[in-house]
Amino acid sequence: MKDLYLVGSLPWWVIALVGLGTGALLVQQFLSLKQRLALGQSSFLVFLRTCVYILLIFFLLGPALVDKRVTKLRRPLTVLIDSSESMAFPASSKATQDGKPGKSRLDLVREKLLNGQEPLIQKLNRDYDLRLYRFGTSVEPISPGSLSQLKAQDEGTRLLELLPRAATDAGAQSGILLFTDGITNGDQKTLDGTPALSVPVFTVGVGETEGFTDVRIAEVRAPEFAFRGREFKIDLTVQAYGLKGKSVPLYFNRGKNLITSRPVAIDSDSFEQKITFSFNPKELGTHSFSLSIPAQPGEQITENNHKEFKVDVHRDKIRVLTLSGSPAWNYRFLRMAMKQDPLIELVSFVFLRTPTDTVDVPDNQLSLIPFPIDDIFLEELKNFDVVFFDDFSHRAYFNPVYLERVKDFVRDGGGLAMLGGFRSFDSGGYAESALKDVLPVELDNKGRYQTQATVRPVLTASGKVHPITRLGKDAAAGRFESSPRRPRRDALVCERRRRGHRLAAAYHRPLRQGPHPGAHDR
């Protein structure tokens, strides 16, 4: 379409004066030519001059020719095709004549878009600015030519999470054509509370719902890691269709071993129930778990009846229990070393008296607590990782039957350490106890271990400068040698040791009497 416009900049009155002047000039020329030429010739010449003058005046008006061409722009259209694994399921519950399953849901989508003399995908590509995507756990653009090779292989369908993103990318003047079977397993279950989509969505459902029979484990929520000895929970959702009035078993396994099972009573055609299992791991490492429901009669989709997941079991803190016969150097070293490690939780007890000890002090004035033997060996022992027996005889404090619990604790994976001393191993009566089978040494029940070999002690570098073992003002004079030539220094060392023993006895005097041995909870 072409339009003529006069865009000249001269005022109208100037153009009018030019027109009047041109008209007067033409009249004067006609009268002058008429006197010399015939009337016909004069009129023809004046006509030609009139055409020339009109053309000149037309150009003074600034003529412009505008050519209008209207082109219709194609609106954008986004086509989303579900390519999750559920799209490989049969589209119909009815089998074909040869007894084989019918076409898959994705096959129906391909037929709808690609079949016919003029396939639908060509019409859409002609009339719209077509953008084709496949989606499952993510969105990926594809070309129309690759639609015939599209496979249903995505492990899930995050439809409600991906749809708002696709609507934003499509633009305000676009639309979305969605092909899906409607099965989703993303974190978002509904669009309630989310902003409205900026573009219209046209949904094409794939697959028949009439006569559809299926039970599935729709969702499993389990922690990625857990701590040994601490119970964790597994939440799952069971969905069922067309199985009203039936009860199906749900199995919870670790590896190939059954942990527990639970019947699920289905009371409606469209059934959904949330179930929680719990498990208390006893071993460290990666544990494989599975949830499964047996295939039901008439069920076409059995792949969704089984879910597997893994949980890494870590150590929270190493819980250590120490039982010491006296507050000696062993006890001090163990306590200081373990308290400095933030990954160790230490519970320690020191026996400061035996049942035969007597004191002339009322019970309500004693500061020591009785050793909680029942709580330790019958209730709390399973919550520890390592137990230290530090130089005490079990015969002086509790019945050997409690050592049976320690033996079972070691057989179940717990750790046991026994430190030597005058009241350990054979001297402590452990050769006759249940611990004989779990200790890494052989006890012959012949008493204390003795040897006739000569032992010559040598001071360490720190021992040479320690006030107790340093016998001179310098380090060289602090060499300890047991020799008759230095009787005075040997006697001095023995005297210091005797003083140390008397001082320890004064501090560690028994303070309580009663039927239970005393214990000091450090």
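Computation of the quantities below employed the complete heavy-atom set of this structure, encompassing side-chain atoms and omitting hydrogens, waters and symmetry-equivalent molecules. When a residue number appears, it is its place in the shown sequence, counting from 1.
Among Asp154, Thr157, Ile81, the one residue that satisfies the side chain to side chain contact (heavy atoms under 4.5 Å, CB included) test with Phe135 is Thr157.
Contact check for Leu250 versus Val248: no side-chain heavy atoms found under the 4.5 Å cut-off. Looking at heavy atoms from C-beta onward, Arg411 lies in side-chain contact with Val438 at the 4.5 angstrom threshold. Contact of the Ser348 side chain with the Phe388 side chain is not registered, since no non-hydrogen atoms from C-beta on lie closer than 4.5 Å. In this structure, the side chains of Leu419 and Leu334 come closer than 4.5 Å at one or more pairs of heavy atoms. Contact check for Pro249 versus Ser261: no side-chain heavy atoms found under the 4.5 Å cut-off. Contact annotation: the side chain of Gln273 never approaches that of Asp267 to less than 4.5 Å [non-hydrogen atoms, C-beta and beyond]. A 4.5 Å side-chain heavy-atom check between Phe277 and Leu236 finds at least one atom pair inside the cut-off. Looking at Leu114 and Ser148, their side chains come closer than 4.5 Å, going by heavy atoms from C-beta outward.
Scored by the ring pair (Phe, Tyr, Trp, His ring centres under 6.0 Å) test, Phe44 finds no partners at all (sequence neighbours excluded). In terms of the side-chain contact (heavy atoms from CB on, under 4.5 Å) criterion, residue partners of Phe47 (sequence neighbours excluded) are, by chain and number, Cys51. In this structure Glu283 satisfies the salt bridge (Lys or Arg N to Asp or Glu O under 4.0 Å) test with no other residue, sequence neighbours excluded. For Leu378, the side-chain contact (heavy atoms from CB on, under 4.5 Å) criterion is met by Asp374, Tyr402, Arg405, not counting sequence neighbours. Scanning for side chain to side chain donor-acceptor pair (under 3.5 Å) contacts around Gln296 gives an empty result, with sequence neighbours left out. Under the rule for a side chain to side chain donor-acceptor pair (under 3.5 Å), the partners of Asp107 that lie at least two apart in sequence or sit in another chain are Ser104, Arg110. Remark: Phe179 pairs with no residue by the ring pair (Phe, Tyr, Trp, His ring centres under 6.0 Å) rule, at least two apart or across chains. By the salt bridge (Lys or Arg N to Asp or Glu O under 4.0 Å) test, Arg126 is found to be paired with Glu118, residues two or more places apart in sequence or in another chain being considered. Thr460 pairs by the side-chain contact (heavy atoms from CB on, under 4.5 Å) definition with Ser462, not counting sequence neighbours. For Leu258, the side-chain contact (heavy atoms from CB on, under 4.5 Å) partners two or more places apart in sequence, or in a different chain, are Tyr251, Asn253.
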Output a table of donor-acceptor pairs, distance under 3.5 Å, between side-chain atoms of residues 19-38 and any protein atom two or more places apart or on a different chain; print 'none' if there are none.
| from | atom 1 | to | atom 2 | distance (Å) |
| --- | --- | --- | --- | --- |
| Thr22 | OG1 | Val18 | O | 2.7 |
| Gln29 | OE1 | Arg49 | NH1 | 3.1 |
| Gln29 | NE2 | Tyr53 | OH | 3.3 |

Check residues 161-178 and write down every donor-acceptor pair under 3.5 Å in which the side-chain atom is one partner and the other belongs to a residue at least two apart or another chain.
| from | atom 1 | to | atom 2 | distance (Å) |
| --- | --- | --- | --- | --- |
| Glu161 | OE2 | Asp187 | N | 2.9 |
| Glu161 | OE2 | Gln188 | N | 2.6 |
| Thr168 | OG1 | Pro164 | O | 3.0 |
| Ser174 | OG | Pro76 | O | 3.1 |

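Ser84 and Ser86 share a side-chain donor-acceptor pair at under 3.5 Å.
Of all non-hydrogen atoms in Gly255 and Ser290, the two that sit nearest each other are O-OG, 4.3 Å. Closest approach of Lys317 to Pro342, counting heavy atoms only: CE-O, 3.3 Å. When every heavy atom of Ala152 is checked against every heavy atom of Leu106, the shortest pair comes out as N-CD2, 3.6 Å. When every heavy atom of Phe409 is checked against every heavy atom of Leu381, the shortest pair comes out as CE1-O, 3.5 Å. Pairing each heavy atom of Ala226 with each of Phe232, the nearest pair is CB-CD2, 3.5 Å. Arg105 approaches Val206 most closely through the heavy-atom pair O-CG1, 3.2 Å.
Using cut-offs of 30° and 60° for the angle between ring planes, the His287 and Phe289 rings count as parallel. Note: Phe252 and Phe309 have parallel aromatic rings, judged against thresholds of 30 and 60 degrees for the angle between ring planes.
Within the cation-pi definition used here (under 6.0 Å to the ring centroid, within 45° of the axis), Arg75 does not qualify as a partner of Tyr128.
In Lys310, the NZ atom is not crowded: 12 or fewer heavy atoms of neighbouring residues, nucleotides or ligands sit closer than 6.0 Å. The environment of CD in Gln149 is crowded: more than 12 heavy-atom neighbours from other residues, nucleotides or ligands sit within 6.0 Å.
With hydrogens and angles disregarded, a donor-acceptor distance shorter than 3.5 Å links the side chain of Arg74 to the backbone of Asn125.
If you take CG on Asp82 and OG1 on Thr184, they are separated by 9.5 Å, rounding to the nearest 0.5 Å.
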